[in-house]
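Order of the sequence lines sets the chain letters (A, B, ...), proteins ahead of strands, with each chain counted from 1. Values in this document were obtained by computation on a predicted structure and should not be read as measured data.
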Number of protein chains: 2
Amino acid sequence: MESIAKREYVSPAVIRRLPRYYRFLGTLLGRGVTRISSREIAEMMGLTASQIRQDLNCFGGFGQQGYGYNVEVLRAEIGRILGLDKGFRAILVGAGNMGKAISNYVDFANKGFNLIAIFDKDPAKIGTRVAGLTIKSTEEITDFCLTHKPDVAVLTLPLQATKGMLDILVAAGVTGFWNFTHYDILYDYPHCAVESVFLEDSLMTLSYLVNDRRESE
Amino acid sequence: MESIAKREYVSPAVIRRLPRYYRFLGTLLGRGVTRISSREIAEMMGLTASQIRQDLNCFGGFGQQGYGYNVEVLRAEIGRILGLDKGFRAILVGAGNMGKAISNYVDFANKGFNLIAIFDKDPAKIGTRVAGLTIKSTEEITDFCLTHKPDVAVLTLPLQATKGMLDILVAAGVTGFWNFTHYDILYDYPHCAVESVFLEDSLMTLSYLVNDRRESE
DNA sequence: TAGATTGTTAATCGATTAACAATC
DNA sequence: TAGATTGTTAATCGATTAACAATC
C-alpha cells in the first residue's frame, strides 16, 4: 500500500532471488547485524554488488548513499514485496506421502501462509489427523472453498486426478497453486498464479551433474 | 562412451530443459508417436523450434533433415545425456517427514538411481522400515560409504546437523548431493555435484505471484 | 527431383556487470 | 567537508530467436 514504489514488469530471474535475500537478511538479523552494504551482501552471497542494487531498485530505493542498507528495514521491505505479511490461506489436496511431508515439514506460518485444511479422496484417511488438521473428504472441497476462500491450493495428488481436481478448484475460485504434479496448469488456466516443484526433473538434473563430473575426470 | 559427441560447456539453462524434453518424449512414446519435428515439439511444449534444435545440438545431431526426430531414439539419447542409464547409487540421510516422503514418493529407480540405504540419528527410528529399507544409524555411515560407495546422498536432515554430516560424507567419498536443506554446500565443497530443492523459497515465490496478481486487479 | 526439416550461423533480445554522478 | 555507497545509466555478455544453406 505505501512504501513499495515502482514495479511495472519484474523479470522472473529477479523474483527468484528475493527469497534468498530474505533468508540471508534473516540470518544477519539473527547475528545482530544492523547495517550492510551491497558490496558486503555480494561477497557473502557470491553475487555482484551491481546485481543486488539493480534487483532492489526494481521495487524502490531502500538504501541510503554513503551508509548502505538497514538490515531490518530491508528484510521487512522484501517480506512485504513477497507478500509474506498478507496471511494468505492455503489448502492441501492429496494427503499421501508427499502431502503429509509438505504439511508437516514446510513452515507455512513463517512464510505468511495459513494452512487451513487438508483433503483426500481415500475414506481410510478422511478423519485422521495430519499437521494438526483433520483430513476432509474431497467431496466437501467446493463447499469449503466457497465458504473459506483459500488463496492457494497445494497439489500433492496423483497426476491422473489432477485435471479433474483443478477444474473443481478453479470453479470454486482458487487461483494460486503450489504444484507438485507434472500437470501443466498454465496451459489450461493461464491466469492462475502457479509455482511448480518438479522433484523428478531436479533428480535428473543431479544425474546429469554427477555424470558430467565423472566424465571430465 | 559412443554416440554422445560435442559437449564442452553446456549452460545450466539448457541442462534444466533436458528433463522436460525427456518427460515429454516419454508421453509421446506412450501415445505411439514415432516421429516428430522440432516445430511440433515447440508448439506442444510452448517453446520455439529454434531453441529445441539449439539445445539438442549442444550434444550432437540427433535428427535427420527433411524427416525430424525419431521419438524413441531422441528420448534414449537424452536419457543417456542425463546419465539415467548409469545406475547411480544413492543414500538418504534424515528419515523425518521429508526424508520418508522423498524415499516413498520419488521414483528413484525410474530415474536410474538405486536407493540403497536410509540413515537417521534417532534410536527410535533405527531398525524401522521405510520404502523397503531398514533405517540404519548415522554412526555406521562412514563404514557403509567406504564399502558401498554411493554416488549421491539425499540430504533431508535439519540445518544444524548438515555441516557435520557433510564433512563425514565428503570424507567418505560422496561427491553428489540432492540437497533439501538451506545449507550452501558449494561454498564449502565447490567440487561436488549439487542440486538443491529450496521448498520454502518456492513457497515465497508463489506468495509473490499471488500477491502480484491481486494488486494488478 | 521437390518438399521438408535439420544443423548452424547471424541478429536480436534481455540480463548482468561496470561506471559514475548524486547524495547521505 | 571528505568518504562512502547508493541509484541509475551505459557497456558487456549470454541466451534466445530468426534465417538459411545443407541434406535427407
**Message:** Between D:dA18 and B:Ser50, counting only base atoms on the nucleotide and side-chain atoms on the residue, is there a donor-acceptor pair under 3.5 Å?
**Reply:** yes
**Request:** Assign B:Thr48 to base, sugar-phosphate, or nothing according to its heavy-atom contacts below 4.0 angstrom with the strands shown.
**Result:** sugar-phosphate
**Prompt:** If only side-chain N and O atoms of A:Gln51 are considered, is one of them under 4.0 Å from the OP1 or OP2 phosphate oxygen of C:dT16?
**Reply:** yes
**Item:** Student check: side-chain heavy atoms of B:Ile81 and B:Phe62 closer than 4.5 Å
**Value:** yes
**A:Asn57 CG to C:dT16 P, straight-line distance once rounded to whole Å** = 15 Å
**Prompt:** According to the interplanar angle, ranging from 0 to 90°, do the rings of B:Phe108 and B:Phe113 count as parallel (below 30°), tilted (30 to 60°) or perpendicular (above 60°)?
**Reply:** perpendicular
**Asked** Can you check the B:Gln65 CD to C:dG7 P distance for me, whole Å?
**Response** 6 Å
**Prompt:** Which dot-bracket string fits DNA chain C when only Watson-Crick or G-U wobble pairs with both atom distances under 3.5 Å count, crossing pairs get [ ], and | stands for a partner on a different strand?
**Reply:** ..||||||||||||||||||||||
**Asked** ring pair (Phe, Tyr, Trp, His ring centres under 6.0 Å) between A:Phe119 and A:Phe144: does it pass, once the steps are laid out?
**Response** CA-CA 10 Å; A:Phe119 295 88; A:Phe144 185 93; 5.4 Å; yes
**Item:** A:Ile78 side, atom CD1; A:Arg23 side, atom CZ - distance, nearest 0.5 Å
**Value:** 12.0 Å
**Asked** Closer than 4.0 Å, any side-chain N/O of A:Ser38 to the OP1 or OP2 of D:dT5?
**Response** no
**Prompt:** For B:Tyr22, is the NZ or CZ atom of B:Arg75 found under 6.0 angstrom from the centre of its six-membered ring and inside 45 degrees of the ring axis?
**Reply:** yes
**Request:** Nearest whole angstrom, please: distance from the P of C:dA15 to the CD1 of A:Ile15.
**Result:** 11 Å
**Request:** Check the pair B:Trp178 / A:Leu203 against side chain to side chain contact (heavy atoms under 4.5 Å, CB included), numbers first and verdict last.
**Result:** CA-CA 7 Å; B:Trp178 200 17; A:Leu203 183 57; 3.8 Å; yes
**Asked** Rounded to the Å, how far apart are A:Arg53 CZ and D:dT6 P?
**Response** 6 Å
**Asked** Is there a donor and acceptor pair closer than 3.5 Å between the side chain of B:Glu40 and the base of C:dT5?
**Response** no
**Residue closer to the 5' end of DNA chain C, A:Leu47 versus B:Gly68 (nearest nucleotide)** = B:Gly68
**Prompt:** Between C:dT17 atom P and A:Asp55 atom CG, what is the distance in whole Å?
**Reply:** 10 Å
**Message:** Rounding to an integer number of Å, can you tell me how far B:Glu43 CD sits from C:dT5 P?
**Reply:** 11 Å
**Request:** Figure out the CZ/P separation between A:Arg35 and D:dG3, and round it to whole Å.
**Result:** 16 Å
**Prompt:** Which residue lies toward the 5' end of DNA chain C, A:Val14 or B:Tyr69, if each is placed at its nearest nucleotide?
**Reply:** B:Tyr69
**Asked** Is there a donor N/O on one and an acceptor N/O on the other, under 3.5 Å, for the side chain of B:Gln54 and the base of D:dT17?
**Response** yes
**Request:** Measure from CG on B:Leu56 to C1' on C:dT5 and round the result to the nearest Å.
**Result:** 13 Å
**Request:** For A:Ser37, answer base if it contacts any base atom (sugar-phosphate contacts may also be present), sugar-phosphate if it contacts only those atoms, and nothing otherwise; contact means non-hydrogen atoms under 4.0 Å.
**Result:** sugar-phosphate
**Partner of A:Leu169 under side chain to side chain contact (heavy atoms under 4.5 Å, CB included), chosen from A:Thr175, A:Ile91, A:Val152** = A:Ile91
